[in-house]
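Read the structure below first, then the notes.
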Amino acid sequence: MPELPEVETIRRALAPRVQGRRLAAVEILDARWSRPLAPDELAGGLEGRRVERLGRRGKYLLWELEDEVTLIQHLRMTGTLLFDPPDEPSHVRVRIALDDGHRLRYTDPRRFGTGELALGRAALEAFLDARLGPEPFDAECTPAGLRRAARGRTAPIKAFLLDQRRIAGVGNIYADEALHRAGIHPLRPAGALRLAQWEALHAGVVAALQAGIDAHGASIDDFRDPDGARGTFQDTFLVHRRAGEPCPACGGPVRKLVAAGRGTYVCERCQPRPRG
DNA sequence: GTGATAACCTGGGTGC
DNA sequence: TGCACCCAGGTTATCA
């Protein structure tokens with residue numbers, strides 16, 4: 001599941017290969033990907049333009065093209081970008097040919113991924129600002145700021161972490177791993193956390209995301225980098241998808257429960273369940 | 001405004 | 001072996 005570290009892994013691998021190149025041809029095979037624009041309409045906005053920068057914001061991959069045109073790409077559940085795959089992969093939704101002869105293939109078995117066009121800097125910022133809170137690694141993302149955003153909230157902290165408007169880039173995997181690092185139960189009401197807990201959680205989020213980036217992402221199911229290689233973060237998960245196994249910190253059992261409607265993994269010795 | 005839930009979608013796993 | 005069913009999850013829309 002591409003979360004911030006997986007998208008960053010893709011960005012780092014692709015940026016030196018696409019920056020400065022032109023999108024010679026763009027073929028969109030799935031109208032779901034480009035809607036509300038028709039495939040030809042979106043492809044027409046991209047073709048011939050030079051890639052000035054490949055950026056990222058939260059889980060969005062930002063293809064910043066000349067003339068202030070940006071392709072805002074979200075991989076959702078199973079999206080993968082492959083660079084010069086040896087064979088034509090299955091579930092190809094978009095084909096891109098670069099002007100130096102290299103090829104990109106966007107594959108997405110579940111077809112949740114999206115590509116949207118922003119015309120102009122203001123449109124891009126409006127799109128992102130409406131959907132995303134601060135980047136976890138930025139100085140503006142602070143424990144005190146998160147605490148303010150959560151004030152009065154009774155929803156579980158896991159739901160708060162998954163809400164991209166509160167903090168950008170955290171998904172199900174990294175929320176579980178961050179909460180375990182911080183010793184906080186995922187069902188604890190977000191508004192009930194003390195400042196010291198927010199400090200621990202902020203540090204846990206940053207540490208989990210950085211570990212994911214260092215491992216080139218987590219490849220539980222579909223994630224592959226642009227060269228088709230798997231990430232290794234799944235090999236060092238503390239709790240996520242480890243139900244029934246001993247907690248690496250205390251040896252207690254890792255349990256699976258549902259929080260925010262998502263499969264959630266917790267060690268209730270390290271992460272005491274809230275009373276009531 | 002807030003929180004919970006359904007819907008989108010398909011491959012893989014499980015049970016019969 | 002084949003079929004039906006369930007589950008996974010990021011985001012958005014809808015409802016209470």
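A quick note: this is a predicted structure, and the numbers were derived from the prediction, not measured. Quick note on labels: first sequence line is chain A, next is B, and so on, each numbered from 1.
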When you measure from the side chain of A:Arg131, which nucleotide among B:dA4, C:dT12, B:dC9 comes out closest? C:dT12
Does A:Arg166 contact B:dT2 through a side-chain donor or acceptor facing the base, at a distance under 3.5 Å? no
Rounded to whole Å, CZ of A:Arg76 lies from P of C:dG10 at a distance of 10 Å
Please give, in whole Å, the distance from B:dA7 C1' to A:Arg35 CZ? 11 Å
Looking across every strand, which nucleic acid part, if any, lies under 4.0 Å from A:Gly263 by heavy atom: base, sugar-phosphate, or nothing? sugar-phosphate
Any side-chain N or O of A:His74 less than 4.0 Å from the OP1 or OP2 oxygen of C:dT11? yes
Any A:Gln164 side-chain nitrogen or oxygen under 4.0 Å from OP1 or OP2 of C:dT11: yes
Whole angstroms only, please: what is the CD-C1' distance between A:Gln234 and C:dG9? 17 Å
Rounded off to whole Å, could you give me the CG-to-P distance for the A:Leu132 and C:dT11 pair? 8 Å
Give the rounded distance in Å between these two atoms: CZ of A:Arg110 and C1' of C:dG9. 7 Å
Modelled atom types, side-chain donor and acceptor of A:Thr9 and A:Asp225, under 3.5 Å: no
Charged N to carboxylate O below 4.0 Å: is that the case for A:Arg95 and A:Glu88? yes
State whether A:Thr154 places a side-chain N or O below 4.0 Å from either non-bridging phosphate oxygen (OP1 or OP2) of B:dG3. yes
May I ask you to say whether A:Arg57 pairs ionically with A:Glu135, meaning some side-chain N is under 4.0 Å from a carboxylate O? yes
Using OP1 and OP2 only, check whether a side-chain N or O of A:His91 sits under 4.0 Å from B:dC9. no
Are C:dT11 and A:Phe112 stacked, with the base six-membered ring and the side-chain ring centres under 5.5 Å apart and planes under 30°? no
The side chain of A:Pro156 is closest to which nucleotide in this list: C:dG10, B:dG11, B:dA4? B:dA4
Shared-cluster residues of A:Leu62, by chain and number - hydrophobic side chains joined below 4.5 Å: A:Tyr60, A:Ile72, A:Leu124, A:Phe127, A:Leu128, A:Leu132
Comparing A:Arg111 with A:Ala260, nearest DNA chain B nucleotide closer to 5' gives the residue A:Ala260
Just how far, in rounded Å, is C1' of C:dG9 from NZ of A:Lys256? 11 Å
Please state how far atom CZ in A:Arg262 lies from atom P in B:dG3, giving the value in whole angstrom units. 17 Å
In whole angstroms, how far is the P atom of C:dG9 from the CZ atom of A:Phe223? 17 Å
Closest nucleotide of DNA chain C for A:Glu116 versus for A:Arg241: which of these residues is on the 5' side? A:Arg241
Is A:Glu66 paired with A:Arg49 through a side-chain N to carboxylate O contact shorter than 4.0 Å? no
